[in-house]
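In what follows, a structure is listed as structure tokens, so that the remarks can point back to it.
In the text below, chain A, chain B and the rest are named by the order of the sequence lines, each starting its count at 1. Computed from a predicted structure; not experimentally measured.
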Amino acid sequence: MSNQITAPFTTASGSDVRVRFCPSPTGTPHVGLVRTALFNWAYARHTGGTFVFRIEDTDAERDSEESFEMILDGLKWLGLNWDEGVGVGGPHEPYRQSERSDIYLDVIEKLKASGHVYESFLTGEELDERNKANGRAVQLGYDNSERELSEEAKAAYKAEGRSPALRVRVPDVDITFNDLVRGEITFPAGSFPDFVVVRPNGQPLYTLVNPVDDALMGITHVLRGEDLLSSTPRQIALYNAMFEAGITKFIPQFGHLPFVMGEGNKKLSKRDPESNLFHHRDRGFIPEGLLNYLALLGWSISADRDVFSLEEMIAAFDVKDVNPNPARFDQKKADSINASHLRLLTVDDFASRIVRYLQDAGVVSKEVTASEQAILTAAAPLIQERIVVLSEAVPMLSFLFTTADKIVVEEDAKAGLPAESKEITLAAVAVLEGIDDFKTETIQAALTQKLIEELAHKPRNAFGPLRTAISGKRISPPLFESMEILGKAETLERLSLFARSL
RNA sequence: GGCCCCAUCGUUUAGUGGCCUAGGACGUUGCCCUUUCACGGCAGUAGCACGGGUUCGAAUCCCGUUGGGGUCACCA
């Protein structure tokens, strides 16, 4: 055992890269968490390395199976697949920490045997009292006073019925590492005391199991949130202990990703709806759009472009290019990116992605019928360039899946109507009744001829009432196309009904 | 408080000593297109936190100041 860092940092690159995503299953998946998963995944795919998925469920108080399922659901939806880990297995099973107790016990024994961890009997309260008595700031915490406890002293504590926690003996040297996104960072010797890794009841803590699993699973690049930055020197000390105890061969490279901020200068809170992955899915973000936006939080593909595919990201992504500044989650920008991706979809793909939202809103049947499918196919291209998130398809298209008697004219639609709405609508009815070939072009030609040219109405005034009549809304898909989809009979009925209501 | 991180338009990002009288995108403003809403097009708005250095030359390097954030658990 030496009083310095003797373990080497790994130089692994290319297909030797092993990264991991290791969430704790607490609560709903957070977009910051997803961003971390994305960067790890992208780095693995870029290098041709391995992406490991592990679950850190060592906190029985807060962990839940429900949360675990949500993480799985989220990753699957986003398409962030993993090569090794929960569900797919691999050479380092199991991948849920709750099932790795024996492994930790074994590591703890080795660390005890090599003298890198030692027994510590002082409780938190005792430490505080001791600091006060010595005129030492309470915030400084443990003072390493039990490093050289004699066997007699330990025996005496145990005779009192006390069980010791286990602490890692931290070398009294500056600890330096080269952060992949921030460059060289040094923590001066004495920045933190020997820390607890095992509770008196034998329960290993996160401080132990996280680095232990990374070491045992051969993780070469640890890419995680900035909040873990200050615990990195502690982990390096532990890695060093494991190295000297023959448990691992190297210390991984670390890269600390910037925070994802919310309003003000605070981290995006779990209580903020924008932090919830499923909130975005429910609004109708598509994986391509959300991932693209999340990638922009700390990274960029080039100076003049910010809409790109996952394939393009994989080809270009390197942690070294990640910006260390904290990034604010901007819903407007996110929406815009999503809208761009919506427009990039093929019409069929777009149409199929809308279905779920229409079903959830009760606009179409659980089993889409043939006639519903026909309307959907005809209407999807009309709104693909008009919506930002898929859920907007619901108010946009619902009028196509109902009948004349169910149309309710909304207030904002009424507000903008011209005084001559009734005459206009009646004139439209008269014109359309004479049309046999009820197609967009024919409808438009006839209506334009009559209302604009003959009756000299402004287009806005002429078509506004008709739009309201058939959809009940101020905003709708293009008017003539909508009429064609509805068909002659339904269109005339809606127009007549509307005219009568005026 | 100790330690650590961060600092370019409102937001995000390009920029690694001269290509920068600082570029893109979102937002915003005006205009064009237009049956609504969008899409699209054009134009505009707006930024290197501050102070010292180093250098022929600094957004870029160094130091300091200020501001913001994180972390100091027998949580993860």
Among residues 315-337 of chain A, which contact RNA chain B at a heavy-atom distance under 4.0 Å? A:Asn323, A:Pro324, A:Asn325, A:Pro326, A:Ala327, A:Arg328, A:Asp330, A:Lys332, A:Lys333, A:Ser336
Just to verify, what does A:Arg467 make a side chain to side chain donor-acceptor pair (under 3.5 Å) with, not counting sequence neighbours? A:Ser476
Quick one: on RNA chain B, does A:Arg460 or A:Glu226 contact a more 5' nucleotide (nearest heavy atom)? A:Glu226
According to salt bridge (charged side-chain N to carboxylate O under 4.0 Å, His left out), does anything in residues 19-39 of chain A pair up with another residue at least two apart or in another chain? List the pairs. A:Arg20-A:Asp214
Taken in chain and number order and not counting sequence neighbours, the residues that satisfy salt bridge (charged side-chain N to carboxylate O under 4.0 Å, His left out) with A:Asp174 are none
Applying salt bridge (charged side-chain N to carboxylate O under 4.0 Å, His left out), can you list everything that pairs with A:Glu65, at least two apart in sequence or on another chain? A:Arg96
Of all of residues 193-201 of chain A, which get a heavy atom below 4.0 angstrom from RNA chain B, listed by number? A:Val196, A:Arg199, A:Pro200
Whichever of A:Leu297 and A:Glu385 has its nearest RNA chain B nucleotide further upstream toward 5': A:Leu297
Base-pairing mate for B:C50 - Watson-Crick or G-U, with both contacts under 3.5 Å: B:G64
Using the six-membered ring of A:Tyr142, assess whether NZ or CZ of A:Arg167 lies under 6.0 Å from its centre and within 45 degrees of the ring axis. yes
For the P atoms, the ones on B:A59 and on B:C48, what distance do you get once it is rounded to whole angstrom? 11 Å
Partner of B:G2 under the Watson-Crick or G-U wobble criteria, both distances under 3.5 Å, comes out as B:U71
Contacts of A:Thr28 meeting side chain to side chain donor-acceptor pair (under 3.5 Å) (sequence neighbours excluded), chain-then-number -> none
Nucleotide interval of RNA chain B bounded by contacts with chain A (heavy-atom cut-off, under 4.0 Å): B:G1 to B:A76
Listed partners of A:Lys332 passing side chain to side chain donor-acceptor pair (under 3.5 Å), at least two apart: none
With heavy atoms under 4.0 Å as the rule, sort A:Leu229 into base, sugar-phosphate or nothing. sugar-phosphate
Taken in chain and number order and not counting sequence neighbours, the residues that satisfy salt bridge (charged side-chain N to carboxylate O under 4.0 Å, His left out) with A:Glu392 are none
Could you tell me which nucleotide pairs with B:C20 by Watson-Crick or G-U wobble geometry, both distances under 3.5 Å, or answer none if nothing does? none
Distance between P atoms of B:C33 and B:G41 (Å, rounded): 16 Å
Classify A:Ser231 by what it touches in the nucleic acid, base, sugar-phosphate, or nothing, heavy-atom distance under 4.0 Å. nothing
When all nucleic acid strands are considered with a 4.0 Å heavy-atom cut-off, which category describes A:Pro188: base, sugar-phosphate, or nothing? sugar-phosphate
Can you list the residues that meet the side-chain contact (heavy atoms from CB on, under 4.5 Å) rule with A:Arg199, with sequence neighbours excluded? A:Asn201, A:Gln203, A:Leu205
Under a 3.5 Å cut-off for both contacts, is B:C31 paired Watson-Crick or G-U wobble with anything, and if yes, with which nucleotide? B:G41
Pairing partner (Watson-Crick or G-U wobble, both distances under 3.5 angstrom) of B:U11: B:A25
Residues passing the side chain to side chain donor-acceptor pair (under 3.5 Å) test with A:Gln97, sequence neighbours excluded, are A:Glu56, A:Asp213
Closest heavy-atom contact between A:Gln253 and A:Asn178? OE1-O, 4.0 Å
